[in-house]
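Order of appearance sets the numbers: ligands from 1, and atoms from 1 within every ligand. One-based numbering along the sequence shown. Scope of the values below: all heavy atoms of this structure, side chains included, with no hydrogens, waters or symmetry mates.
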Amino acid sequence: MSLRQTRQKITEILKNPAIGSSATVMGWVRTKRESKAGVAFVEINDGSSFDNLQAVVPNTLADYASLVARLYPGTSLQVRGQLVASQGGRQAVELQVESLEILGESDPLKYPIAKQKMTYEHLREFTHLRARTNTFGALARLRDVLAQSIHEFFHQRGFIWVHTPIITANDCEGAGKAFQVTTIDLAKLAASGKAPDFTQDFFGEPVNLTVSGQLEGEAYALSLGDVYTFGPTFRAENSNTSRHLAEFWMVEPEMAFADLEDDMDLAEAFLKHLCRAALEQCPREMEFFRERVDAGVIDRVKNVVESPFTRLTYTEAVEKLKSSGETFQYPVEWGSDLQSEHERWLTEKVYQGPVILTDYPKEIKAFYMKVSDDGRTVRAMDVLVPHIGEIIGGAQREDRIDVLTSRIQEMGLSVESLSWYLDLRRFGGVPHAGFGLGFERLVQFVSGMGNIRDVIPFPRTPGHAGI
Ligand code: ATP
Ligand code: MN
């Protein structure tokens with residue numbers, strides 16, 4: 001039998017404990033304790049579940065003393081034995097060990113995550129090992145459940161998953177935020193003292209990593225109806241905040257024959273679906289987040305599932321903020337972008353639940369958003385949630401070619417390079433709408449984690465691109 005044919009996952013054993021039968025488990029030691037009576041209790045985790053399996057090693061085992069002496073946090077091992085009902089302890093079952101083989105040693109003096117209590121900051125220096133801790137193991141499983149549920153949600157509704165490019169010549173959203181991609185030898189260029197010639201670069205023009213798949217998503221929505229993208233996105237955000245990464249995953253649905261109300265309805269149903277999935281499929285992880293990360297997290301997540309989202313306009317929100325009597329670090333005036341402190345005050349203090357703000361001033365939003373009849377606002381919507389602030393940004397798109405063209409010009413963008421995008425209005429344009437959800441902000445919301453760097457396996461932030 002191959003290794004994998006021999007092995008049983010701990011999650012299966014804990015779910016369906018076949019008391020009295022034998023089992024082989026492979027994993028890593030979390031803790032070891034020796035009793036005076038001459039047995040060792042070893043907590044084993046194999047990553048398949050939050051909970052460990054307790055292995056009881058009797059001192060009658062051959063080489064008992066030397067084997068047990070080599071077991072430390074991080075040691076990998078294979079154990080075979082009988083599953084027996086557990087006396088006390090967290091689990092109903094434990095493994096009465098009949099054979100034990102050490103697969104890989106772990107020097108307790110050198111193992112960087114040997115200590116019981118370590119700060120998230122400390123663990124960020126060991127992103128290659130931190131998934132072995134309770135918190136980061138739980139986050140990895142939560143991320144997986146949420147990602148699968150995203151595909152499930154759209155698949156159930158007939159949305160087609162579209163793979164949009166990562167390298168693009170579009171530089172439409174906020175210039176300056178994109179990472180340029182080049183094969184020009186920069187050291188050589190600097191030494192030559194010449195200006196770069198991008199016609200000689202790999203693509204024959206300047207290109208960058210995508211900041212959003214939306215524009216390409218629109219092209220497919222205007223062919224296929226309902227589509228979504230789910231992929232990595234890159235923004236050279238220079239601010240060191242707890243909710244911005246330089247590399248993050250974004251989900252962007254785009255619907256043809258849809259308006260702003262449809263967009264809000266989709267966003268609300270989507271967040272409800274994802275929060276429900278987390279509660280149903282990660283109960284153990286959620287309980288842990290509530291106990292150890294943030295006591296309010298389950299209530300907030302349930303609140304998303306159970307209560308309707310409050311919907312109001314940006315203008316109404318600004319009035320609330322101005323008459324609030326609160327002192328904010330940044331003052332609020334109609335026309336200014338809302339800061340995270342304003343967003344959080346609205347969703348946490350005023351409405352105590354998710355809020356959808358609509359109809360933002362056109363000056364602070366992207367060129368492709370549909371201009372309203374008032375001429376001052378666009379059909380934009382942002383979804384705000386407690387603990388995070390903005391989690392989703394979306395809009396009904398401008399479908400009138402003349403208005404769109406003048407918006408492109410007003411914003412100083414190139415009509416020529418967006419000619420393909422204008423084609424989507426030139427030939428069979430339709431009302432359409434969509435939004436972008438930052439996947440890590442979602443994981444942050446659902447887990448209650450304070451810093452976005454801790455909800456992605458290998459975070460990329462200013463000054464940090466190593467492991
Ligand atoms: P913010 O004002 O918070 O920077 P934004 O207005 O730049 O957000 P959008 O361009 O609307 O955001 O992007 C859609 C979504 O992507 C946001 O609602 C957010 O969830 C997420 N997002 C944006 N920038 C980042 C980032 N740097 N890191 C992680 N998620 C992000
Ligand atoms: Mn931003």
Side-chain angles (χ1 to χ4, degrees), residues 143 146 150 164 170-179 209-215 217 228-254 263-264 266-268 270-271 274 304 309 314 317 330 336-344 346-347 354-358 360-369 378-397 411 433-447 449-462 464-465:
R143 254 186 98 94
L146 290 171
I150 285 168
T164 47
N170 289 337
D171 181 22
C172 304
E173 297 239 16
K177 264 194 177 178
F179 288 99
L209 296 177
T210 185
V211 296
S212 156
Q214 180 202 316
L215 301 192
Y228 70 105
T229 72
F230 184 10
T233 307
F234 308 86
R235 293 186 187 182
E237 310 268 13
N238 247 330
S239 50
N240 265 304
T241 78
S242 60
R243 54 177 210 163
H244 288 92
L245 289 163
E247 176 177 312
F248 63 101
W249 286 63
M250 183 129 80
V251 187
E252 294 176 282
E254 192 70 34
D263 210 26
M264 290 191 278
L266 185 76
E268 182 166 343
F270 184 46
L271 285 180
L274 298 176
V304 168
F309 292 13
Y314 165 91
Y330 296 90
S336 66
D337 211 354
L338 297 185
Q339 302 294 321
S340 129
E341 55 171 345
H342 309 132
E343 295 172 347
R344 291 189 61 172
L346 288 165
T347 172
V355 175
I356 311 184
L357 296 189
T358 60
Y360 283 74
K362 66 176 182 189
E363 281 72 23
I364 57 170
K365 289 289 182 188
F367 73 92
Y368 48 71
M369 299 189 178
V378 286
R379 300 299 271 157
M381 63 118 189
D382 279 7
V383 182
L384 319 178
V385 290
H387 183 69
I388 303 289
E390 178 186 336
I391 195 166
I392 283 179
Q396 182 171 342
R397 317 306 185 187
M411 299 242 175
F435 63 77
L437 165 83
F439 184 56
E440 283 72 24
R441 294 216 185 150
L442 172 75
V443 183
Q444 226 188 324
F445 174 73
V446 174
S447 63
M449 292 294 287
N451 196 310
I452 199 165
R453 293 158 206 228
D454 295 325
V455 300
I456 188 165
F458 301 100
R460 267 79 183 103
T461 50
H464 293 275

Should F248 be counted as touching ligand 1, given the test is an N or O pair under 3.5 Å? no
Rounded to the nearest 0.5 Å, what separation is found between the CG atom of L442 and the CG atom of L274? 5.5 Å
Under 3.5 Å, side chain of R344 to main-chain N/O of G389, donor-acceptor pair present? no
Looking only at heavy atoms, is any part of T233 under 4.0 Å from ligand 1, and if so is it the side chain, the backbone, or both, or is it neither? neither
Would you please determine whether I452 falls within less than 4.0 Å of ligand 1 on a heavy-atom basis? yes
Taking only heavy atoms of I392 into account, list the atoms of ligand 1 that are under 4.0 Å away from them. 18 (O)
Short question: side chain of R397, backbone of G434 - any donor-acceptor pair under 3.5 Å? yes
Donor-acceptor pair, E268 side chain versus P354 backbone, under 3.5 Å? no
For G393, the ligand 1 atoms with a heavy-atom partner under 4.0 Å come out as 11 (O), 18 (O)
Those residues that, when tested against H387, pass side chain to side chain donor-acceptor pair (under 3.5 Å) (two or more places apart): none
Which option, Q444, R460, E343, R235, owns the non-hydrogen atom nearest atom 13 (O) of ligand 1? R235
Logged contact type for H244 with ligand 1, heavy-atom cut-off 4.0 Å, is both
Taking only residues at least two apart or on different chains, which pairs with a member in residues 378-387 satisfy salt bridge (charged side-chain N to carboxylate O under 4.0 Å, His left out)? D359-R379, K365-D382
For atom 14 (C) of ligand 1, which candidate among A395, G436, P459, A366 holds the nearest heavy atom? G436
Below a 4.0 angstrom heavy-atom separation, can you tell me which part of D382, side chain or backbone, both or neither, approaches ligand 1? neither
Taking distance alone, with no angle check, do L245 and ligand 1 share an N/O pair under 3.5 Å? yes
Quick one: does ligand 1 sit under 4.0 Å from the side chain of R243, the backbone, both or neither, non-hydrogen atoms only? both
Is M250 close enough to touch ligand 1? Criterion: a residue heavy atom under 4.0 Å from a ligand atom. yes
Does L437, backbone or side chain, put an N or O under 3.5 Å from an N or O of ligand 1? no
Under 3.5 Å: donor-acceptor pair, side chain of R143, backbone of V443: no
If only atom types and distance count, is the side chain of S212 paired as donor or acceptor with the main-chain N or O of Q214 below 3.5 Å? yes
Donor-acceptor pair, E343 side chain versus E390 backbone, under 3.5 Å? yes
